[in-house]
Amino acid sequence: MAGRIHRVTMFKLPVPEDQQKLIEAYKTLSKNQQKNGKPYILSLTAGIAEKDQRSQGFTVVSKTEFASMDDMKYYDDECEAHAALKSYAKGTLTIEGGPTGVLTVFFEPRATSTL
């Protein structure tokens with residue numbers, strides 16, 4: 001896990017149907033993502049957030065892992081599958097709060113633990 005880049009993106013989608021549509025879009029992204037003709041995302045997980053006041057209105061969460069910062073930059077700037085997901089989300093889904101309705105953070109782990 002060390003050396004990997006972990007990325008978390010959260011969405012404020014108030015309409016339950018839109019939440020499920022975004023999950024389906026992530027499934028498509030997972031199947032279609034490629035760099036140099038090969039899958040490059042090490043791990044992709046997406047789900048609907050549990051209802052809790054701490055979620056601050058965010059309803060869908062995705063977590064991706066990349067082998068390097070270069071792979072994450074490729075994901076942002078060049079990946080056709082990710083571009084399709086972004087276009088779909090912005091053009092089709094009801095994202096509450098406009099630009100503030102999506103939050104992305106990324107990090108390289110400094111502490112890890114597994115069972």
Side-chain angles (χ1 to χ4, degrees):
M1 299 273 253
R4 291 183 173 192
I5 303 300
H6 295 247
R7 174 185 171 123
V8 177
T9 302
M10 300 183 297
F11 300 84
K12 290 182 178 181
L13 297 171
V15 179
E17 292 81 13
D18 284 351
Q19 296 169 17
Q20 192 55 47
K21 287 176 184 178
L22 184 57
I23 297 298
E24 294 303 316
Y26 268 104
K27 289 178 184 178
T28 299
L29 167 68
S30 181
K31 291 177 195 170
N32 295 336
Q33 53 94 10
Q34 289 193 359
K35 180 180 179 184
N36 300 323
K38 298 179 205 168
Y40 71 100
I41 298 173
L42 301 177
S43 172
L44 186 152
T45 305
I48 297 172
E50 297 297 324
K51 292 185 183 197
D52 185 279
Q53 71 183 44
R54 294 171 289 187
S55 66
Q56 298 181 32
F58 289 100
T59 57
V60 176
V61 180
S62 72
K63 181 178 178 292
T64 47
E65 292 181 38
F66 302 92
S68 66
M69 188 63 75
D70 285 340
D71 281 353
M72 192 190 79
K73 287 179 182 176
Y74 175 85
Y75 180 74
D76 275 335
D77 300 332
E78 300 178 54
C79 179
E80 292 179 16
H82 186 227
L85 181 138
K86 290 189 291 187
S87 176
Y88 176 74
K90 290 176 184 175
T92 307
L93 305 178
T94 303
I95 299 174
E96 188 175 87
T100 62
V102 179
L103 174 67
T104 299
V105 296
F106 56 92
F107 63 96
E108 186 174 338
R110 303 285 189 246
T112 60
S113 177
T114 58
L115 293 178

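Quick caveat: nothing in here was measured; it's all calculated off a predicted structure.
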If you link ILVMFWY side chains whenever their heavy atoms are less than 4.5 Å apart, which other residues fall into the same cluster as F58? By chain and number, please.
V8, M10, V61, L103, V105
How long is the span from the CD1 atom in I41 to the OG1 atom in T64, to the nearest 0.5 Å?
6.5 Å
Residues, nucleotides or ligands: over 12 heavy atoms within 6.0 Å of E80 CD:
no
Smallest heavy-atom separation, S68 atom then I5 atom, equals C-CG1, 3.6 Å
Strictly below 4.0 Å, N to O, side chains only: are K27 and E24 in salt-bridge contact?
yes
Nearest 0.5 Å, please: how far is CG in D71 from NZ in K35?
3.5 Å
Straight-line distance of R4 CZ to F66 CZ, nearest 0.5 Å
11.5 Å
Looking only at heavy atoms, what is the nearest atom pair of L42 and A67, with distance?
CD1-N, 3.4 Å
Taking the side chain from T59 and the backbone from F11, do they hold a donor-acceptor pair closer than 3.5 Å?
yes
side-chain contact (heavy atoms from CB on, under 4.5 Å) between T9 and V102, worked out:
CA-CA 7 Å; T9 302; V102 179; 3.8 Å; yes
Test of understanding: clusters of I, L, V, M, F, W, Y form through side-chain heavy atoms closer than 4.5 Å, transitively. Do L93 and I23 belong to the same one?
yes
Minimal non-hydrogen separation, Q56 against K12, with atom names
O-CE, 3.2 Å
Shared ILVMFWY cluster between M69 and Y74, side chains joined below 4.5 angstrom?
yes
Look at the rings of H82 and Y75 and say which category their plane angle falls in: under 30° parallel, 30 to 60° tilted, over 60° perpendicular.
parallel
F106 atom CZ, over 12 foreign heavy atoms within 6.0 Å
no
Could you measure the distance from the OG atom of S55 to the CD1 atom of I48? Nearest 0.5 Å is fine.
12.5 Å
Nearest-0.5 Å distance that lies between atom CD in Q19 and atom OG1 in T94
11.0 Å
NZ/NE/NH1/NH2 to OD/OE distance under 4.0 Å, R7 and D76
yes
